[in-house]
Number of protein chains: 2
Amino acid sequence: MSTKALRKEEEDNLLRRADDVCRQNNLRLTPIRERVYRELVQSGGPVGAYDLVDRLSNEKKRLAPVTIYRALDFLRDAGLVHRLATQNSYVISHGQPDMNAMKIMFVDAKTGETVEVHSSEVAEAVRKAAEQAGFKSVSPFMEVEGEIAQ
Amino acid sequence: MSTKALRKEEEDNLLRRADDVCRQNNLRLTPIRERVYRELVQSGGPVGAYDLVDRLSNEKKRLAPVTIYRALDFLRDAGLVHRLATQNSYVISHGQPDMNAMKIMFVDAKTGETVEVHSSEVAEAVRKAAEQAGFKSVSPFMEVEGEIAQ
DNA sequence: TACAACACGTTATTACATAATATTTCGCTC
DNA sequence: GAGCGAAATATTATGTAATAACGTGTTGTA
């Protein structure tokens, strides 16, 4: 099987999963929301909000930034998309939602390329640190800048 | 000793330390840079760049945003200030620079209040995760959103 | 059908950040 | 202390990110 076919399959999986998540939580994956999600999936990496505006607009219809932001907010609330604060951009959240694991987005400081890793070990260590800081709960997402190997 | 006096003392310590760090690394803590640093120290929390513009300007002289950004860049490079990407703001970096510890900024999702904690345990766990992600080095800073107790 | 909640469109505004370029200040040498 | 080069700061302009405010349409439901 070709790499392309593999990726296509992976894309379909993500789309299907998004559909399931929404169905199970009584959320409406409207056309615009799905188009935004699909665009993020196909890009394979972080994409800026205004970039999404351009990509989902055409000659006939130009989407307003706020439309994209609303779709992104929805997808984030649904746990399907994660915002990269350091890059002002948005990426698909991969992987099965393991409640006990921390979802770490490693971001290459130079290229902006991202790799997502789940770690319950980090989750536990962060929980301890949070307690020390007087925090009772922490986000299951975090973002760490670094340098990718080669 | 009063709380106020304690805080004053803490402020002086930070200022002194900033001075030392710069001296030891042949960096110039110019008036503007020091004013920016001092303002961050005195605020006791995260401050936005444009907020700093306002606070450090007066009737006679209005500083340009780029002036503040340059000072902030300098202070960040020197390891004295940390940028909170989730808040688009900047905070003092406390504590002695322990190379092996991760500096974690816990940010209250509601108020934006921050607490800094250093943890070598988190550092180690993140290093492992980074390796898994194909990253050869990671920033010693990270930011985690959460909910502060009470 | 009517109504309530949600989604989307439109317009405008605010905030954040940097590019390009000019001017001042600092530290040094003669 | 006059002149020079480098660093720091000022000025202006522009680009990008995000949200506010308000109106209209759509959907699900009693």
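So that the names make sense, note that chain A is the first sequence line, chain B the second, and so on, each numbered from 1.
- Applying the 4.0 Å criterion to OP1 and OP2 of dC8(C), one finds that Thr30(A) has a side-chain N or O inside that range.
- Within the 4.0 angstrom heavy-atom criterion, base atoms lie near Arg70(A).
- Put simply, Tyr50(A) and Val47(A) are part of the same group of oily side chains (I, L, V, M, F, W, Y) that touch within less than 4.5 Å, one to the next.
- Within 6.0 Å of atom CD in Glu131(B), 12 or fewer heavy atoms from other residues, nucleotides or ligands are found, so the atom counts as exposed in its surroundings.
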How would nucleotides 11-18 of chain C be written as a contact map, 5' to 3', with B for base contact, S for sugar-phosphate-only contact and - for no contact, using protein heavy atoms under 4.0 Å?
-----BBB
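- If you walk DNA chain D from 5' to 3' and mark each nucleotide with an atom closer than 4.0 Å to a heavy atom of chain A, the marks span dA17(D) to dT27(D).
- Two residues are said to be in side-chain contact when any heavy atoms from C-beta on lie closer than 4.5 Å; Val117(A) and Val122(A) fail this criterion.
- Residue Arg62(A) places no side-chain atom within donor-acceptor reach of the base of dG9(C), judged by atom type and a 3.5 Å distance cut-off alone.
- Counting any heavy atom pair closer than 4.0 Å across all strands shown, Arg33(A) reaches sugar-phosphate atoms only and no base atom.
- Each end of the helix from dT1(C)-dA30(D) to dC30(C)-dG1(D) gets its own rotation axis from five pairs of C1' atoms, and the angle between them is 20° to the nearest 10 degrees.
- Between Ala101(B) and His118(B), the closest heavy-atom pair is CB-CB, 4.1 Å.
- When the C1' atom of dG9(C) is taken as reference, atom CG of Leu63(A) falls 10 Å away, rounded to whole Å.
- In this pair, Tyr90(B) and Tyr69(B) present their aromatic rings perpendicular. The plane angle is above 60°, beyond the 30 to 60° band.
- Salt-bridge formation is not detected for the pair Lys8(A)/Glu11(A): no Lys NZ or Arg NE/NH1/NH2 atom is positioned less than 4.0 Å from an Asp or Glu carboxylate oxygen.
- Side-chain contact check for Val36(A) versus Val81(A): every heavy-atom pair is 4.5 Å or farther apart.
- If you take NZ of Lys61(A) and P of dC8(C), they are 12 Å apart, rounded to a whole angstrom.
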